Amino acid sequence: MTLPDIKDTDCLIIIDVQKDFCTGGSLAVPDAESILPWINDNSSQFKNIVLTQDWHPAGHSSFASVHEGHAPFESISMPYGAQTLWPDHCVQGSNGAEFHDELLTNQAQLIIRKGFRHEIDSYSAFYENDHSTTTGLAGYLRERSISRVFCVGLALDYCVRFSALDARREGFETVVVEAGCRGIDIEGSNDDARQAMASAGVTLV
Ligand code: VGL
Ligand code: ZN
């Protein structure tokens with residue numbers, strides 16, 4: 001698949017390509033590893049690269065294990081809205097929180113860690129799940145004169161989806177490259193994500 005011409009004002013955002021989201025991990029995304037060839041083969045075209053890392057304290061409020069009587073993938077109500085509960089994953093400093101061993105990371109200039117506040121989850125690379133607490137990424141990209149972002153990574157229907165929507169909301173031209181994404185796909189959530197992104201003006205290639 002062909003990409004638009006990559007410019008100096010473009011940035012590749014590689015979202016959460018971490019061991020816990022890959023085969024053998026605690027929140028494994030089906031077929032996750034198949035995104036690595038696209039990402040590794042194409043990242044060298046980008047002068048600007050940002051990585052994100054899901055980075056939760058132990059006992060994080062998004063973990064089903066801390067909510068008695070609740071199981072992973074159930075939804076509960078939090079002060080900031082509905083929250084899906086997850087198996088414990090990407091605990092700060094754990095092996096599962098590390099990037100996949102085969103992901104080329106040396107060219108990235110910034111690693112955004114997110115979900116580090118105990119009481120709030122953060123799918124998006126830009127905002128936590130209250131949609132108002134910022135990670136600082138939009139300001140960083142603007143200071144570096146980035147006008148277009150390309151999003152890839154895991155999972156298409158959660159962190160990639162919300163990162164792409166927030167990138168649009170922040171005024172960046174936004175491209176999601178599906179060859180570099182895989183989704184968890186709970187009850188049609190991959191298709192919901194594609195529709196939500198397309199209606200927000202995200203280009204899906
Ligand atoms: C993610 C669920 C929980 C993701 C992170 O990276 O898509 N999904 N935490
Ligand atoms: Zn998480």
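Predicted, not measured: the structure shown is a model, and the values here were computed from it. In each ligand, atom 1 is the first atom listed, and ligand 1 is the first ligand listed.
Tally of protein N, O or S atoms closer to the Zn ion (ligand 2) than 2.8 Å: 3.
Counting all heavy atoms, side chain and backbone alike, Phe126 lies closest to Ala167 at CE1-CB, 3.7 Å. Between Ser122 and Ser124, the closest heavy-atom pair is OG-O, 3.3 Å. Residue Leu156 comes nearest to Arg194 through the heavy atom pair CD2-NH2, 4.0 Å, listed as atom of the first residue, atom of the second, then distance.
Under the 3.5 Å distance criterion, the side-chain polar atoms of Gln92 are matched with a main-chain donor or acceptor of Trp55. In this structure, the side chain of Gln18 does not engage the main chain of Glu98 through any donor-acceptor pair within 3.5 Å.
For the salt bridge (Lys or Arg N to Asp or Glu O under 4.0 Å) with Asp54, the qualifying choice from Lys114, Arg113, Lys19 is Lys114, the only one to do so.
Note on ring orientation: taking the six-membered ring where Trp is involved, the planes of His118 and His60 are perpendicular (angle over 60°, cut-offs 30° and 60°).
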Within the protein, flag every N or O under 3.5 Å from an N or O of ligand 1, and note the pair and distance.
from: ligand 1; atom 1: 6 (O); to: Asp16; atom 2: OD2; distance (Å): 2.6
from: ligand 1; atom 1: 6 (O); to: Leu154; atom 2: O; distance (Å): 3.2
from: ligand 1; atom 1: 7 (O); to: Ala155; atom 2: N; distance (Å): 3.0
from: ligand 1; atom 1: 7 (O); to: Cys159; atom 2: N; distance (Å): 3.1
from: ligand 1; atom 1: 9 (N); to: Asp54; atom 2: OD2; distance (Å): 3.0
from: ligand 1; atom 1: 9 (N); to: His89; atom 2: NE2; distance (Å): 3.1

Using the side chain to side chain donor-acceptor pair (under 3.5 Å) rule, take Glu33 and Thr23 through it: C-alpha gap first, then chi angles, then the decisive distance, then the call.
-> CA-CA 7 Å; Glu33 289 75 20; Thr23 302; 2.8 Å; yes
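Between Phe63 and His89, the ring center distance clears the sub-6.0 Å criterion.
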